[in-house]
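Let me begin by presenting the structure, written as structure tokens, before commenting on it.
Sequence positions, counted from 1, serve as the residue numbers for this chain. Note that these values count all heavy atoms, side chains included, but never hydrogens, waters or copies made by symmetry. Atoms within a ligand are numbered from 1 in the order they appear, just like the ligands themselves.
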Amino acid sequence: MINLKGIPASGGIAIGPAYLWTKEELIVPKQVISDDQIATQIQIFEEALIKTRREILDLQKKIADEMGQDEAEIFDAHLLVLEDRTIIEEVISQLKKDKLSAAYVFQDVLRKYVQVFLRIEDEYLKERVSDINDVGRRVLRNLLGKTAKPLEELQEKVILVSHDLSPSDTAMMHRKNVLAFVTNVGGKTSHTAIMAKSMEIPAVVGLEVATLKIKTGDTLIIDGSTGLVFIDPDSQTLESYQRQKTAFKDTTQRFIGLKDKPALTLDGTRVHIAANIELPDEIPSLKEHGADGIGLYRTEFFYMNRVDLPTEEEHYEAYKFVAEAMNPHSVTIRTLDLGGDKFISHLEIPREMSPFLGWRAIRFCLARPDMFKSQLRAILRASAHGKLKLMYPMISGIEELRQANVLLEECKNELRQRKSPFDESIEVGAMIEVPSAAMTADILAREVDFFSIGTNDLIQYSIAVDRSNEKVAYLYEPAHPGVLRFIKHIIDIGHAAGIRVGMCGEMAGDSLFSLVLLGLGLDEFSMPSVMIPEIKHVIRSVTMAQASQIATQALSLPTAKEVESFIQSKLDELEIVR
Ligand code: PEP
Ligand code: MG
């Protein structure tokens with residue numbers, strides 16, 4: 001038995017077989033071929049088509065058996081693409097003419113084909129682009145002799161082991177087949193870790209050597225709460241973890257009885273407990289955990305795992321669905337926050353030296369007003385169907401906020417002209433996650449309806465510690481006095497200006513910090529759904545006077561460690577079990 005220790009990213013215990021997954025980069029080099037290689041390349045191409053056809057038929061059969069005929073029919077469209085004579089003939093003639101490898105030519109033809117489809121003003125045809133790309137990747141994989149299974153095709157229940165997983169890889173995983181995952185790299189608040197929590201699957205990141213030590217088929221135990229990973233455990237460890245696994249289920253259920261109770265302190269102060277979501281299919285879970293609404297809807301996941309941009313209609317349908325499903329509760333939609341560790345290749349965001357300091361979030365949106373406005377119009381239109389608010393990520397100063405609001409006003413005017421209804425008094429907020437925004441909160445507060453503190457980034461930027469880098473994870477401390485002072489400052493300034501202040505970073509869902517945040521006067525805590533009952537429990541166990549006193553004392557301490565042990569001692573004193 002070997003054990004490894006990494007960074008606990010998403011709680012829970014999983015036991016099962018390992019599946020080592022290597023991200024395939026389908027990079028096709030430009031390879032010139034000689035005349036006598038032409039026939040072989042054509043043959044390679046034809047064989048790849050036959051192999052792909054067989055794969056699709058197998059997959060179709062499996063899906064039909066497991067999920068039904070309707071789901072399986074989706075693959076008919078894939079087969080049609082595969083058999084498209086125009087593509088096949090174009091590849092063969094170009095291959096003969098340019099004398100380049102089949103893989104290179106195929107990729108080139110496919111790219112042109114997709115571009116033609118994207119230019120057509122027809123929603124149905126535009127949707128075919130994802131079929132073309134899906135099939136294209138399969139053919140390319142076969143042309144390049146790659147064998148790795150795509151994540152969405154995992155059929156057996158496995159623990160995924162990978163060097164890295166991007167948020168888009170994670171979004172593609174089928175939660176029923178991935179018991180847990182572990183990665184070599186990553187930090188507690190990397191978006192992949194955040195996704196694991198939303199999906200309610202255990203995860204350990206930052207293990208550094210997981211892919212070296214673990215082989216496909218090894219039995220693993222993953223403890224997502226402590227960061228421990230056991231490879232081929234002995235029977236004693238296995239039995240002990242099997243028991244703990246059952247016990248963990250019981251503890252997550254421990255506070256579920258509070259789900260319909262308000263987050264009310266013993267002396268009657270009410271705070272709002274909301275959920276963070278990445279995808280609309282998390283709504284049943286957040287309702288089961290008793291969320292008062294959605295405090296952060298991360299819309300960038302809508303852009304992932306597709307080759308085209310979502311249209312205004314698609315945005316609108318998704319937001320309308322969420323608004324209606326949550327009515328009368330409010331839903332705060334955050335505008336696109338791409339960049340940093342969230343990439344999508346088709347937008348051609350260049351790889352940067354320091355992506356978290358680069359072209360991300362509102363900076364990217366302001367540079368692409370066409371794209372940004374289609375999202376803003378969709379949010380506005382959906383606001384006619386429920387209680388929506390919108391907020392901008394990564395605001396660094398008033399100018400960005402004003403520029404975004406100018407575009408928002410343009411969208412409102414366009415909708416008024418179109419006589420398209422929307423909520424004229426929709427609230428607009430700014431995320432406060434950049435130190436310069438925190439320090440100019442008084443200026444920003446005059447032009448927004450609310451603040452939402454994004455601690456994941458605020459911690460990263462104020463301590464200068466990359467949130468997704470395991471090497472510096474020891475510095476990533478929410479209770480750092482510098483961070484606590486920022487939080488106090490933002491809340492005080494927000495309140496002085498008469499606006500509400502929420503928090504939607506992971507810190508809001510960590511019950512160790514609830515008393516301090518409550519004592520500092522936070523109005524809304526927004527977090528992954530699973531944490532909601534526990535946070536309600538902590539808040540319902542104190543008076544506001546006690547919480548304020550704890551916050552004041554915590555803020556006088558010099559180190560994060562001392563703050564944490566002080567809070568723990570207070571929780572013990574008050575007999576609050578977490
Ligand atoms: C944050 O930074 O705290 C936040 C909520 O946004 P994200 O994690 O998506 O960057
Ligand atoms: Mg952020």
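- For the side chain to side chain contact (heavy atoms under 4.5 Å, CB included) test with Y297, the passing option among C504, S526, P280 is P280; the others fail.
- Ordered by chain and number, E433 OE1, D457 OD2 make up the set of protein N, O or S atoms under 2.8 Å of the Mg ion (ligand 2).
- Proximity of Q375 to Y303: side-chain heavy atoms (C-beta onward) are separated by under 4.5 Å at one or more points.
- Put simply, the side chain of R334 reaches to within 4.5 Å of the side chain of E300, judged on heavy atoms.
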**Study point:** Criterion side chain to side chain donor-acceptor pair (under 3.5 Å) on H495 and D523, from CA distance to verdict
**Key:** CA-CA 10 Å; H495 287 175; D523 301 301; 2.8 Å; yes
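- Side chains of D423 and S425: a donor on one and an acceptor on the other come within 3.5 Å.
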Apply side chain to side chain donor-acceptor pair (under 3.5 Å) to residues H272 and D292 and explain how you reach the verdict. CA-CA 6 Å; H272 210 241; D292 294 329; 4.6 Å; no
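- Looking at heavy atoms from C-beta onward, E524 lies out of side-chain contact with V271 at the 4.5 angstrom threshold.
- For the residue pair Q460 / D457, a side-chain donor-acceptor distance below 3.5 Å is found, with atom types taken as modelled.
- Within 4.0 Å of ligand 1, the residues that place a heavy atom are H191, I194, L296, R298, R334, D337, K342, R360, M431, E433, G454, T455, N456, D457, R467, C504, G505, listed by chain and number.
- Without hydrogens or angle criteria, K342 side chain to P167 main chain gives no donor-acceptor distance under 3.5 Å.
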